[in-house]
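Quick notes on the structure that follows.
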Amino acid sequence: MVRRGLAEHVIDRKIAEVAVEHPRAVRRHIEGDLDFAARLAGRTVTGVRRRGKYLWLELDEAGDGSDAVLAHLGMSGQMLVAAADRPPNSHMRVRVRFADDGPQLWFVDQRTFGGMSIHPLVAAAGGGLLPEPVAHIGRDPMDPAFDLDAAVAGIRRRRTELKRALLDQTIVSGIGNIYADEALWRARLHGIRPTEKLTRAQGRAVLAAAAEVMDAALAAGGTSFDALYVNVNGASGFFDRSLDAYGQEDRPCRRCGTPIRREQFMNRSSYSCPRCQPRPRTHH
DNA sequence: AATGAGGCCTGGTTGC
DNA sequence: TGCAACCAGGCCTCAT
């Protein structure tokens, strides 16, 4: 929805000027903020694409092949289309002004985990032209070209714990800590289950559950462009109310009534139902 | 090579 | 009331 909203507003528009208002936002553009701004001026946006938490604008040819401006949203980043006279956002990081003096493109990011950078487009293993830093990111479960069986095979090939594999964006993208906990709850699996003992059916179930959760979140929060605003906890208001596991410590499981437990995992909190999602008898 | 731990960041919340 | 400590998390770097 972010991608579609952006596409409607920026495709075929020519960039006039780019202001980097927080240098950290372009730290991954190794040539620096001046180069970042200079290389975008005069370019026309030809496409908007997404993979996982990455979003990029394809640009018209610069003479040395195709490139794109890549945005990573981190956990608090947003791409906003804003009227030129709108009061500036206090977390403004990059502002793009177009030659038509119409609505601007704002990259806004409270926690500055996200950022923007310019990269050539390269052919990815799974098909398509992608910015180089994104080439290793897998498709997400909602992508029409997502290959469920290949993703299950990828997870089962790993020698790790299930939740780690779900959070690894190279196999399947778009699953963060919240979606992982929700998908595991729906599939009745504990996150520390060893991937090599996962059955194909269990693998398909947890990925199908992840797709359901993403669908629900998108349907709830993605209807209008400004409504894609994601709050500090990474969940939209509606989605927050529809969580079954994440953040529900001590609340009764919606299936069996057992209080949801919280555990530390990968320096993060994980939530699960002790009864529906028993820990495997042995692990590691 | 593959896997895992730690760090980056800011603002809201919690605890003293 | 004021302040410090804590917490959130996507992904990059570094160690093993």
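Below, chain A is the first sequence line, B the second, and so on; all start at residue 1. All values reported here derive from a predicted model rather than from experimental measurement.
- The nearest whole Å value for the distance from the NE2 atom in A:H22 to the C1' atom in B:dC8 is 12 Å.
- At B:dA5, one or more side-chain N or O atoms of A:R164 fall inside 4.0 Å of OP1 or OP2 (strictly under the cut-off).
- For the pair A:H72 and C:dG10, the criterion of a side-chain N or O lying under 4.0 Å from OP1 or OP2 is not met.
- When the nucleotides C:dC12, B:dG4, C:dG10 are ranked by their closest atom to the side chain of A:Y54, C:dC12 comes out on top.
- The nearest heavy atom of DNA chain B to A:N267 and to A:R157 marks one nucleotide each, and the one closer to the 5' end goes with A:R157.
- If you take CG of A:D109 and C1' of B:dC9, they are 9 Å apart, rounded to a whole angstrom.
- Positionally, the nearest nucleotide of DNA chain B for A:R268 lies more toward the 5' end than for the other of A:H91 and A:R268.
- With no hydrogens or angles considered, a side-chain donor-acceptor pair links A:R24 and A:T112 at under 3.5 Å.
- Not a single donor-acceptor contact under 3.5 angstrom links the side-chain atoms of A:R159 to the base of B:dA2.
- No engagement by A:R51 is indicated, since no non-hydrogen atom pair under 4.0 Å with the nucleic acid exists.
- Across B:dT3, C:dA8, B:dC9, the shortest atom-to-atom separation from the side chain of A:R158 is found for B:dT3.
- A side-chain hydrogen bond (donor to acceptor under 3.5 Å, both in side chains) with A:D140 is found for exactly one of A:K53, A:R51, A:R50, namely A:R50.
- Between the C1' atom of B:dT10 and the CE atom of A:M92 lies a distance of 18 Å, rounded to the nearest Å.
- Nucleic acid contact class of A:F265 (heavy atoms, under 4.0 Å, all strands): none.
- A:Q110 places its CD atom 10 Å from the C1' atom of C:dA8, with the value rounded to the nearest Å.
- The distance from atom CG of A:L243 to atom C1' of C:dA8 is 14 Å, rounded to the nearest whole Å.
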**Request:** For side chain to side chain contact (heavy atoms under 4.5 Å, CB included), just list the numbers for A:V96 and A:V69, CA-CA rounded to whole Å, side-chain angles, deciding distance to a tenth of an Å, and then say yes or no.
**Result:** CA-CA 12 Å; A:V96 177; A:V69 55; over 6 Å; no
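- Side-chain contact check for A:H119 versus A:W56: every heavy-atom pair is 4.5 Å or farther apart.
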